[in-house]
Amino acid sequence: MNNILKATTSEAYNLMHQGTLALARAERTGLRVDMKYCEKKKIILTKKINHLENEFFETNFYKRWNHVFKEKVDIQSNTQLSTYLYKVMKLTTSYETKSGQGATDENALQQLNIPELNLLLQIRKLKKIRDTYLEGFIREQVDGVIHPSFNLHLVKTFRSSSDRPNFQNMPKRDKEAMDIVRSCIYPLKGHQMLEADFSGVEFRIAGCYYKDPTMLKYINDPKSDIHGDIASKAFMIKNFSKEEHGYFRSAAKNGFVFPELYGSWYKSCASNLMFEWGKVPKTSKFKPDLGVEIEGSCMSDYMMKKGFTHFEHYEEHIKTVENYFWNDIFKTGKDYQNSLYKEYQKVGYVESYTGFRFYGPMSLNNVLNYPIQGAAFHCLLWSLINVDKFIRENNLNSRIIGQIHDSLVMSIDPNERDYLLPIIRRIMTQDIRKVWDWIITPLDIEMEIAPVDHNWTFMKKINF
DNA sequence: GGAACTCGCCAC
DNA sequence: AAACGTGGCGAGTTCC
């Protein structure tokens with residue numbers, strides 16, 4: 001493949017070996033947990049949950065549920081809820097789970113428009129915070145410190161995973177959940193929490209594999225924005241701006257661009273984009289006043305204003321966007337997808353630039369995704385190893401304390417901050433490219449830092 | 001009474 | 001022909 005050298009298998013082994021040692025040192029350091037806050041919040045959450053449950057028990061909705069299941073009634077049982085909604089009340093399922101049971105997840109419940117179900121969703125959310133996150137901290141802490149494990153041997157793509165507790169799925173998007181959970185987490189005493197995130201690394205690494213000229217142009221020009229461009233097409237926005245149309249942009253990014261790169265197609269993408277709209281049903285005619293409020297009206301109204309009458313009508317529109325994506329702008333990318341899969345069928349494996357081989361029965365989607373997902377994470381792992389090495393060679397007090405796929409989480413000694421932060425940037429954006437010449441795209445990072453002895457909710461952007 | 005499963009939900 | 005990927009974990013359910 002051109003003149004770019006892949007890493008050898010022994011280099012891949014070395015990455016695993018050095019990575020395991022560096023991550024073990026991060027595990028040993030761990031993160032401080034404010035146990036008093038944690039216990040206090042647990043009590044407050046329990047009170048709120050009890051209050052909401054009592055309110056729910058008063059509703060006719062619950063009384064009928066109770067009547068059906070008698071002494072076995074359990075508001076936490078989705079099996080009961082599904083039976084009650086779709087068999088007893090005979091409501092229409094908007095979609096089903098893998099095993100054919102009527103879905104009872106947040107989206108499915110919202111589409112039913114039953115106010116009592118909002119109580120149930122609120123209860124679910126608070127229980128998740130309490131029972132998964134706070135209880136996890138309490139169970140796993142040793143003298144007020146948690147030591148999340150980071151595994152390099154469990155994930156099919158040679159990414160990492162984390163457990164006991166999982167440090168890689170702490171709430172971030174939901175403000176209430178984020179505040180409660182991340183308020184528990186502190187760096188070492190007298191230190192500052194720091195996160196160094198690769199910006200759009202998966203798309204950039206995808207560019208290294210796809211070698212599509214238009215894709216590379218998008219990556220090289222910081223003013224261009226593929227997700228915004230697709231959003232403006234998918235949602236018919238004339239003068240798109242990142243600030244004004246941020247919601248549409250993330251819908252396009254997560255509902256179209258990435259799925260298409262990993263083998264999805266327009267029908268699923270149309271449904272993904274619709275899914276981002278909340279309560280809008282995915283089938284049949286658009287009705288007024290459904291979905292999140294946007295531009296002063298609801299999403300369904302927005303759609304109708306744009307001239308769409310049915311979901312199927314919108315699907316056809318996304319088909320034209322898909323056509324534009326693969327035939328007009330990323331033609332070379334489509335060729336890459338086809339030739340990679342042919343190569344896999346011929347030799348029985350695919351390889352990452354970082355020297356890993358993926359064997360076994362794989363779908364087209366797997367073949368497209370694994371090398372990119374793996375190599376993108378390996379950029380972070382290589383950086384982590386070398387930041388750790390630098391810290392040890394220079395006897396610094398700062399420590400790596402975790403890692404979330406494309407971001408490095410550290411406890412920084414404030415006296416070392418001005419010296420260390422530029423070095424972290426250099427390692428992650430320059431040194432790595434001297435070692436791995438297959439990275440033909442620029443890399444960039446974003447850093448966030450919290451004040452001394454402040455918790456993980458106080459992160460603010462910092463330029464170094 | 002525990003293993004293995006499903007479902008829902010958190011992250012990238 | 002088929003239709004975005006990778007995890008962990010809690011609670012309920014099913015199977016032995």
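Chain identifiers are assigned alphabetically (A, B, ...) following the order of the sequence lines, protein sequences preceding nucleic acid strands; residue numbering begins at 1 within each chain. Being a predicted model, the structure only gives us computed values, none of them experimental.
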With sugar-phosphate meaning primed atoms plus P, OP1 and OP2, does [X] contact a base, only sugar-phosphate, or nothing at under 4.0 Å between heavy atoms?
X      : answer
A/N169 : base
A/Q101 : sugar-phosphate
A/K172 : sugar-phosphate
A/K156 : sugar-phosphate
A/A103 : sugar-phosphate
A/Y266 : nothing

Side-chain N or O of [X] less than 4.0 angstrom from OP1 or OP2 on [N]?
X      : N      : value
A/Y370 : C/dT6  : yes
A/S264 : C/dC4  : yes
A/T79  : C/dG12 : no
A/R124 : B/dG8  : no

Whole-Å distance separating the [atom1] atom of [X] from the [atom2] atom of [N]:
X      : N      : atom1 : atom2 : answer
A/D131 : C/dG10 : CG    : P     : 9 Å
A/N166 : C/dG7  : CG    : P     : 12 Å
A/Q403 : C/dT6  : CD    : P     : 18 Å
A/Q168 : B/dA11 : CD    : P     : 13 Å

Cationic tip of A/K233 within the cone over A/Y324's six-membered ring, i.e. under 6.0 Å and within 45° of the normal?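 Judged by the rule (NZ or CZ under 6.0 Å from the ring centre, within 45° of its axis), A/K233 counts as positioned above A/Y324.
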Please determine, for the side chain of A/L121, which listed nucleotide (C/dA3, B/dC9, B/dA11) has the closest atom?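 Ranking C/dA3, B/dC9, B/dA11 by closest atom to the A/L121 side chain puts B/dC9 first.
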Can you tell me which nucleotide in C/dT13, C/dT6, C/dC4 comes closest to the side chain of A/S268?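 Among the listed nucleotides, the one closest to the side chain of A/S268 is C/dC4.
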Is A/Y262 stacked on the base of C/dG5, meaning ring centres closer than 5.5 Å and planes within 30 degrees of each other?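 According to the criterion (under 5.5 Å, under 30°), no, A/Y262 does not stack.
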Between the side chain of A/N386 and the main-chain N/O of A/W382, is any donor-acceptor distance below 3.5 Å?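 Yes, A/N386 side chain to A/W382 backbone: donor-acceptor pair under 3.5 Å.
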Could you label the plane-to-plane angle of the A/W456 and A/F167 rings as parallel, tilted or perpendicular, counting under 30° as parallel and over 60° as perpendicular?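 Plane angle under 30°, so parallel.
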Report yes if the side chains of A/L152 and A/F377 come closer than 4.5 Å at any heavy-atom pair, otherwise no.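 With C-beta onward as the side chain, the pair touches.
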